[in-house]
Peer 1: 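Here's a structure for you.
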Amino acid sequence: QKEVEQDPGPLSVPEGAIVSLNCTYSNSAFQYFMWYRQYSRKGPELLMYTYSSGNKEDGRFTAQVDKSSKYISLFIRDSQPSDSATYLCAAGYNFNKFYFGSGTKLNVKP
Amino acid sequence: KAGVTQTPRYLIKTRGQQVTLSCSPISGHRSVSWYQQTPGQGLQFLFEYFSETQRNKGNFPGRFSGRQFSNSRSEMNVSTLELGDSALYLCASSFREPGANVLTFGAGSRLTVL
């Protein structure tokens, strides 16, 4: 079993939809959680960073961490075609040793 | 502010050869991590260097090695290349402090082994 599991998709939604991306993790010691966006042939770009449980909002993006169920979520409101990319969740407990999900490919149709 | 710079961006090697990849972190970042990204396995942690010392290591064979220089620049080396080593190799830098250990990735070096 991988440390972080993520549905690979692809996920296709119409422009303006609310997108929900989810990951589960197995190690209860994880304290740091991140979401990255990766466009084709580019490196991952940080979207959200959360320490421990709770919600964090930044513009159209909301990250949620539920440590009791070991569940990580990213919500995208008013999705845009420019949001079409692969979204990677990551979790870790040790400095800079993070475990990544396999990525969910999102397509937002105009 | 310059981002994380990786060179070369693309390279093609044959089985049995070796390769060296370079990474220049963001100015002020002293931690450099390396990840391998493949379609089948996703992003997998290779190792992390901080102050010229390897601090963390992933589950990769000894053919994968790295080092960090006093200016925080890092290199990774893969010897005796195998077909399965074809991947995007990503370097990430950070401050390595609680709450500030967010990874900033470079664009990656895409290695093809023939």
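Quick caveat, the model's predicted, so the values are computed rather than measured. First the proteins, then the strands, lettered A, B, ... as listed; each starts at 1.
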Peer 1: For Phe60(B) and Phe45(B), run side-chain contact (heavy atoms from CB on, under 4.5 Å): C-alpha distance rounded to whole Å, both residues' side-chain angles, the deciding distance at 0.1 Å, then the answer.
Peer 2: CA-CA 9 Å; Phe60(B) 278 82; Phe45(B) 175 78; over 6 Å; no
Peer 1: Apply ring pair (Phe, Tyr, Trp, His ring centres under 6.0 Å) to the pair Tyr25(A) and Phe33(A), showing each step before the final yes or no.
Peer 2: CA-CA 10 Å; Tyr25(A) 63 94; Phe33(A) 305 93; 5.2 Å; yes
Peer 1: Hydrophobic clustering (ILVMFWY, side-chain heavy atoms < 4.5 Å, transitive) - are Leu111(B) and Leu46(B) grouped together?
Peer 2: yes
Peer 1: Check whether Thr104(A) reaches the backbone of Asp7(A) with its side chain - one donor and one acceptor, N or O, closer than 3.5 Å.
Peer 2: yes
Peer 1: Any donor-acceptor pair under 3.5 Å linking the side chain of Ser84(A) with the backbone of Val108(A)?
Peer 2: yes
Peer 1: Examine distances only and state if a side-chain atom of Arg55(B) and a backbone atom of Tyr49(B) form a donor-acceptor pair shorter than 3.5 Å.
Peer 2: no
Peer 1: For chain A, which residues from residues 64-75 of chain B have at least one heavy atom closer than 4.5 Å to it?
Peer 2: none
Peer 1: Does any N or O in the side chain of Gln80(A) come within less than 3.5 Å of the main-chain N or O of Asp78(A), such that one atom is a donor and the other an acceptor?
Peer 2: yes
Peer 1: Which distance, rounded to the nearest 0.5 Å, do you find between the CG of Asn107(A) and the CG of Leu11(A)?
Peer 2: 9.0 Å
Peer 1: Is Leu90(B) close to chain A through its backbone or its side chain, or both, or neither, when contacts mean heavy atoms under 4.5 Å?
Peer 2: side chain
Peer 1: Looking only at atom types and distance, does a side-chain atom of Ser53(A) sit under 3.5 Å from a main-chain N or O of Asp66(A), one as donor and one as acceptor?
Peer 2: no
Peer 1: Determine which residues belonging to residues 32-39 of chain B lie within contact range of chain A, meaning some heavy atom pair is under 4.5 Å apart, and list them by number or answer 'none'.
Peer 2: Ser33(B), Tyr35(B), Gln37(B)
Peer 1: For Cys23(A) versus Val4(A), what's the shortest heavy-atom pair and its separation?
Peer 2: CB-CG1, 4.3 Å
Peer 1: So does Tyr87(A) get a backbone contact from the side chain of Gln6(A), meaning a donor-acceptor N/O pair under 3.5 Å?
Peer 2: yes
Peer 1: Please verify the inter-ring angle class for His29(B) with Phe95(B); under 30° counts as parallel, over 60° as perpendicular, anything in between as tilted.
Peer 2: perpendicular
Peer 1: Would you mind checking which part of Tyr36(A) comes under 4.5 Å of any heavy atom in chain B, side chain (CB onward), backbone (N, CA, C, O), both or neither?
Peer 2: side chain
Peer 1: Give the member of Leu103(B), Leu88(B), Thr104(B) that has the highest number of heavy-atom pairs under 4.5 Å with chain A.
Peer 2: Leu103(B)
Peer 1: For chain A, which residues from residues 4-15 of chain B lie under 4.5 Å away (heavy-atom distances)?
Peer 2: Arg9(B), Tyr10(B)
Peer 1: Quiz question: by atom type and distance under 3.5 Å, do the side chains of Thr86(A) and Arg37(A) form a donor-acceptor pair?
Peer 2: no
Peer 1: Anything in residues 39-48 of chain A with a heavy-atom distance to chain B below 4.5 Å? Please list those residues in order.
Peer 2: Arg41(A), Lys42(A), Gly43(A), Pro44(A), Leu46(A)
Peer 1: Is it the backbone or the side chain of Gln38(A) that comes under 4.5 Å from a heavy atom of chain B, or both, or neither?
Peer 2: side chain
Peer 1: Tell me if the NZ atom of Lys2(A) is crowded by more than 12 foreign heavy atoms within 6.0 Å.
Peer 2: yes
Peer 1: Using 30° and 60° as the class boundaries, would you call the ring planes of Phe100(A) and Phe105(B) parallel, tilted or perpendicular?
Peer 2: perpendicular
Peer 1: Do Phe47(B) and Asn56(B) touch side chain to side chain, with heavy atoms closer than 4.5 Å?
Peer 2: no
Peer 1: Starting at CH2 of Trp35(A), measure out to CD of Gln64(A) and round the result to the nearest 0.5 Å.
Peer 2: 11.0 Å
Peer 1: So, Gln18(B) versus Thr80(B): side-chain donor-acceptor pair below 3.5 Å or not?
Peer 2: no
